[in-house]
Amino acid sequence: SLLEWLNSLDEFFVLEEDGFRILFTHSLFPDPMGMLTRKPYRHSDFEPHLSILSEMNCDMGISGHMHPNGVFRIRRRDTVRGKFGHLEAGSDVLQLVCPCIAESNQDNGFAILDTTTRTVEAIPLRTPNHPVFW
């Protein structure tokens, strides 16, 4: 059944391509499934996830759940709020939080990661914003 299949899925996935390791999660550790209502706001709130990236020897993490306007970048030294367009991923261990593709109260869109050049293209869909749930 669909429910059995969903329950069989892993909470996260690590993809390795030419020695470049990417951790895919729905949300950020310590809550990779995004079941808790607490959202990280301060830079220190991202430390548990950045520590997991280091422990798992990942060069980058990719998630969603926070529905930023564009791609939100989190690095050890700083955070860069959501932005659409061309982004350099850089060499730091970092987390990219991608925009939501569904229509909501944020600007929706999607992101394409080029693992060879370590760049991200965040593309807005420009559909009208709608209130969520009501």
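P99 and V71 get closest at one heavy-atom pair: CD-CG2, 4.0 Å. Between R76 and E47, the closest heavy-atom pair is NH1-OE2, 2.8 Å. Of all heavy-atom pairs spanning S63 and Q95, the tightest one is OG-NE2, 3.0 Å. The shortest non-hydrogen separation linking C98 to A111 is SG-CB, 4.0 Å. Considering every non-hydrogen atom in both F12 and L23, the closest pair reads CD1-CD1, 3.6 Å. Here the closest non-hydrogen pair linking P30 and P48 is CD-CB, 4.0 Å.
For F24, the CZ atom is densely surrounded, since the number of other residues' heavy atoms within 6.0 Å is greater than 12.
Cluster membership check: M66 shares its hydrophobic cluster with I52, using side-chain heavy-atom separations under 4.5 Å among Ile, Leu, Val, Met, Phe, Trp and Tyr. Using a 4.5 Å cut-off between side-chain heavy atoms of Ile, Leu, Val, Met, Phe, Trp and Tyr, with links allowed through other members, I101 and I62 fall into different hydrophobic clusters. Grouping the Ile, Leu, Val, Met, Phe, Trp and Tyr side chains by contacts below 4.5 angstrom, directly or via other members, places F72 apart from V80.
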Decide yes or no on side-chain contact (heavy atoms from CB on, under 4.5 Å) for V120 and D114, but give the supporting numbers first. CA-CA 6 Å; V120 178; D114 183 328; over 6 Å; no

Problem - From CA spacing to verdict: ring pair (Phe, Tyr, Trp, His ring centres under 6.0 Å), F29, F46 - result: CA-CA 8 Å; F29 280 90; F46 301 111; over 10 Å; no

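In this structure, the side chain of D45 engages the main chain of R42 through a donor-acceptor pair within 3.5 Å. Within the 3.5 Å criterion, the main-chain N or O of D107 finds a donor-acceptor partner in the side chain of N69. Judged purely by atom type and a 3.5 angstrom limit, R21 uses its side chain to pair as donor or acceptor with the backbone of N57.
In this structure, L125 and I123 have side chains that are not in contact, with every pair of non-hydrogen atoms separated by 4.5 Å or more. Contact check for F20 versus M60: side-chain heavy atoms found under the 4.5 Å cut-off.
Rounding to the nearest 0.5 Å gives a distance of 13.0 Å between CZ of F110 and SG of C100. In this structure, the separation between CG on L28 and CD1 on I74 is 5.0 Å, given to the nearest 0.5 Å. Annotation: the span from L113 atom CG to L87 atom CG amounts to 10.5 Å, rounded to 0.5 Å. Here D78 contributes atom CG and R73 contributes atom CZ; the two are 8.0 Å apart, rounded to the nearest 0.5 Å. Considering CD of E17 and CG of D59, their distance stands at 12.5 Å, rounded to 0.5 Å. The structure places SG of C58 at 12.0 Å from CG of L50, a figure rounded to the nearest 0.5 Å.
Of the residues listed (H26, H49, H65, E11), the one engaging P32 in a side-chain contact (heavy atoms from CB on, under 4.5 Å) is E11, and it is the only one.
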